[in-house]
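The chain is numbered in sequence order, starting from 1.
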Amino acid sequence: MVKVNYRYLRFAPDEFITSRKNFQVSVKDNYFSLDHIKLNISESGINIKGTVNFKNILKWPDTLLNPGSMGFYNYIPSMQCYAQVCVMDMDLEGHLNIDGKDIDFSQGKGYIEKNWGKAFPYSWIWIQSNNFIHSKTSLSCSLAQIPFSFFSFRGFLIGLYANGTFYSFTTINRSKIQVQQSGSDVNIKVENKRFSLKIKTRTLSENFMLLNGPRDGNMIPLVQENLQGEVKVILRDKEHNKTILEDQGFCAGIEYGGKQVMVLDG
């Protein structure tokens with residue numbers, strides 16, 4: 001296994017510049033967009049410089065009424081946290097020099113998601129992989145106990161791209177979900193009127209890292225994340241009683257936060 005390190009860097013508020021029209025973010029001398037990233041970090045013993053370009057971008061399908069993965073919830077101003085899957089899958093081209101070592105990202109794969117708002121949800125599970133045996137498979141799965149006004153509800157956004165087709169299972173399209181925990185892993189079953197999807201993770205507990213996240217106006221350690229997990233997916237067509245896809249994903253991002261009992265069944 002590759003050893004993964006985590007470092008948290010702070011920047012002043014005036015070093016953060018963003019666009020309201022396009023996905024473009026600058027943080028001091030670093031730039032992030034849907035076209036490329038450019039990093040120029042030299043502080044706190046960390047030195048990273050270089051540019052990685054993005055191509056063959058696959059987005060979450062959307063409409064004016066339901067923009068992106070979060071749909072009409074984007075239009076509700078009182079949400080504590082908003083989430084958007086910007087890119088389900090893309091090809092990378094370029095390199096980064098990390099502490100004197102040149103790393104070529106060409107022929108690699110990428111994924112972009114953004115979160116904004118006041119704080120993360122009370123509790124959540126996040127699973128993502130686009131490194132499957134079938135190269136064109138991509139999965140994004142997030143579910144959370146979301147505070148809203150004087151109550152909270154369990155919401156989820158699950159998208160699977162397979163065999164040239166995008167399958168969506170979300171709170172918005174009235175899909176039904178079951179979530180069970182087994183050690184550091186989860187088993188998820190979700191279905192809509194026509195399709196069902198099973199998601200099963202496989203991780204090593206020692207590969208999880210404790211990351212900072214927003215809570216009560218501060219960044220505090222509250223996120224357990226693993227970037228070396230595996231995920232198995234089984235997609236079935238209920239109408240014709242047949243399996244459409246059975247695939248295994250690697251280099252999966254798997255993340256837990258808050259009190260997990262709030263998002264689990266049983």
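- Here the CD1-SG distance, from I112 to C86, works out to 6.5 Å after rounding to the nearest 0.5 Å.
- Under the 4.5 Å side-chain heavy-atom criterion for ILVMFWY residues, a single connected hydrophobic cluster contains both Y167 and I158.
- There is a side-chain donor-acceptor pair under 3.5 Å between W126 and E113.
- Contact annotation: the side chain of Q128 approaches that of N130 to within less than 4.5 Å [non-hydrogen atoms, C-beta and beyond].
- The environment of CD in Q178 is sparse: at most 12 heavy-atom neighbours from other residues, nucleotides or ligands sit within 6.0 Å.
- Atom CG of L39 and atom CD1 of I98 lie 8.5 Å apart (nearest 0.5 Å).
- Every pair tested for side chain to side chain donor-acceptor pair (under 3.5 Å) that includes a residue from residues 214-227 fails, sequence neighbours excluded, so the list is empty.
- Shortest non-hydrogen contact noted between C141 and I188 is SG-CD1, 3.9 Å.
- Expressed to the nearest 0.5 Å, how far NZ of K176 lies from CZ of F156 amounts to 8.0 Å.
- Between S26 and Y31, the closest heavy-atom pair is OG-CD1, 3.5 Å.
- Note on V27: it does not cluster hydrophobically with M219, by side-chain heavy-atom contacts below 4.5 Å among ILVMFWY residues.
- For S19 (side chain) and N22 (main-chain N/O), a donor-acceptor pair under 3.5 Å exists by modelled atom type.
- Nearest approach of Q145 to P121, heavy atoms of both residues: O-CB, 3.4 Å.
- Here the straight-line distance linking atom CD1 of I234 with atom CG of L197 works out to 9.0 Å at 0.5 Å rounding.
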Is there a side-chain contact (heavy atoms from CB on, under 4.5 Å) between L92 and S106 once you walk through the steps?
CA-CA 5 Å; L92 308 181; S106 300; over 6 Å; no
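- Checked by atom type and distance alone, the side chain of N192 never pairs as donor or acceptor with a backbone atom of N173 at under 3.5 Å.
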Which atom pairs, one a donor and one an acceptor, fall under 3.5 Å between side chains of residues 242-256 and the rest of the protein, sequence neighbours left out?
{"unit_1": "T243", "atom_1": "OG1", "unit_2": "R236", "atom_2": "NH1", "d": "2.7"}
{"unit_1": "E246", "atom_1": "OE2", "unit_2": "K232", "atom_2": "NZ", "d": "3.4"}
{"unit_1": "D247", "atom_1": "OD1", "unit_2": "I133", "atom_2": "N", "d": "3.2"}
{"unit_1": "D247", "atom_1": "OD1", "unit_2": "H134", "atom_2": "ND1", "d": "3.4"}
{"unit_1": "D247", "atom_1": "OD2", "unit_2": "H134", "atom_2": "N", "d": "3.2"}
{"unit_1": "D247", "atom_1": "OD2", "unit_2": "H134", "atom_2": "ND1", "d": "3.0"}
{"unit_1": "D247", "atom_1": "OD2", "unit_2": "T137", "atom_2": "OG1", "d": "3.1"}
{"unit_1": "Q248", "atom_1": "NE2", "unit_2": "E230", "atom_2": "OE1", "d": "3.3"}
{"unit_1": "E255", "atom_1": "OE2", "unit_2": "W124", "atom_2": "NE1", "d": "2.8"}
{"unit_1": "Y256", "atom_1": "OH", "unit_2": "S184", "atom_2": "O", "d": "2.8"}

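- The two atoms that bring F169 and S175 nearest to each other are CA-OG, 3.4 Å, heavy atoms only.
- If you take CG on L139 and CG on L160, they are separated by 6.0 Å, rounding to the nearest 0.5 Å.
- Put simply, the side chain of S168 reaches to within 4.5 Å of the side chain of W60, judged on heavy atoms.
- Checked by atom type, the side-chain pair T165/N163 shows no donor-acceptor distance below 3.5 Å.
- Connection of Y8 to L211 is established within a shared hydrophobic cluster, with ILVMFWY side chains joined at heavy-atom distances below 4.5 Å, either directly or through further cluster members.
- Looking at heavy atoms from C-beta onward, K28 lies out of side-chain contact with I41 at the 4.5 angstrom threshold.
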side-chain contact (heavy atoms from CB on, under 4.5 Å) between R194 and E239, worked out
CA-CA 6 Å; R194 182 172 176 183; E239 182 179 340; 3.7 Å; yes
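- A single hydrophobic cluster is seen to contain both L235 and I177, as judged by linkage of ILVMFWY side chains at heavy-atom distances under 4.5 Å, directly or through other members.
- Annotation for G229 and T203: closest pair CA-CG2, 4.2 Å, computed over non-hydrogen atoms.
- Atom CD of Q107 sits in a sparse spot, with 12 or fewer heavy atoms from other residues, nucleotides or ligands closer than 6.0 Å.
- For F166 and Y161, the ring centers sit 6.0 Å or farther from each other.
- Donor-acceptor pairing under 3.5 Å is lacking for the side chains of S129 and N131.
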Begin with the C-alpha distance, continue with both residues' side-chain angles, and end with the deciding distance and a verdict on side-chain contact (heavy atoms from CB on, under 4.5 Å) for I125 and V186.
CA-CA 9 Å; I125 295 173; V186 290; 4.0 Å; yes
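- Crowding of K136 atom NZ: a count of heavy atoms from other residues, nucleotides or ligands under 6.0 Å not exceeding 12.
- Atom CG of L9 is separated from atom OG of S44 by 5.5 Å, given to the nearest 0.5 angstrom.
- Tracing side-chain contacts under 4.5 Å through hydrophobic residues (I, L, V, M, F, W, Y), one reaches F23 starting from I37; they form part of the same cluster.
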Listing, residues 45-56 side-chain donor-acceptor contacts under 3.5 Å, not counting sequence neighbours, or none:
{"unit_1": "N47", "atom_1": "OD1", "unit_2": "S42", "atom_2": "OG", "d": "2.8"}
{"unit_1": "K55", "atom_1": "NZ", "unit_2": "E93", "atom_2": "OE2", "d": "3.2"}
{"unit_1": "N56", "atom_1": "ND2", "unit_2": "D91", "atom_2": "OD2", "d": "2.7"}

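- Annotation for A83 and N115: closest pair CB-ND2, 3.4 Å, computed over non-hydrogen atoms.
- A salt bridge links K109 with D89: the distance from a Lys NZ or Arg NE/NH1/NH2 to an Asp or Glu carboxylate oxygen falls below 4.0 Å.
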What verdict does the side chain to side chain donor-acceptor pair (under 3.5 Å) test give for D104 and H95, after you've listed the backbone C-alpha separation in whole Å, the side-chain angles of each residue and the deciding distance to 0.1 Å?
CA-CA 4 Å; D104 188 1; H95 63 90; over 6 Å; no
Step by step, would you call E43 with R10 a side-chain contact (heavy atoms from CB on, under 4.5 Å)?
CA-CA 10 Å; E43 54 185 285; R10 292 182 178 273; over 6 Å; no
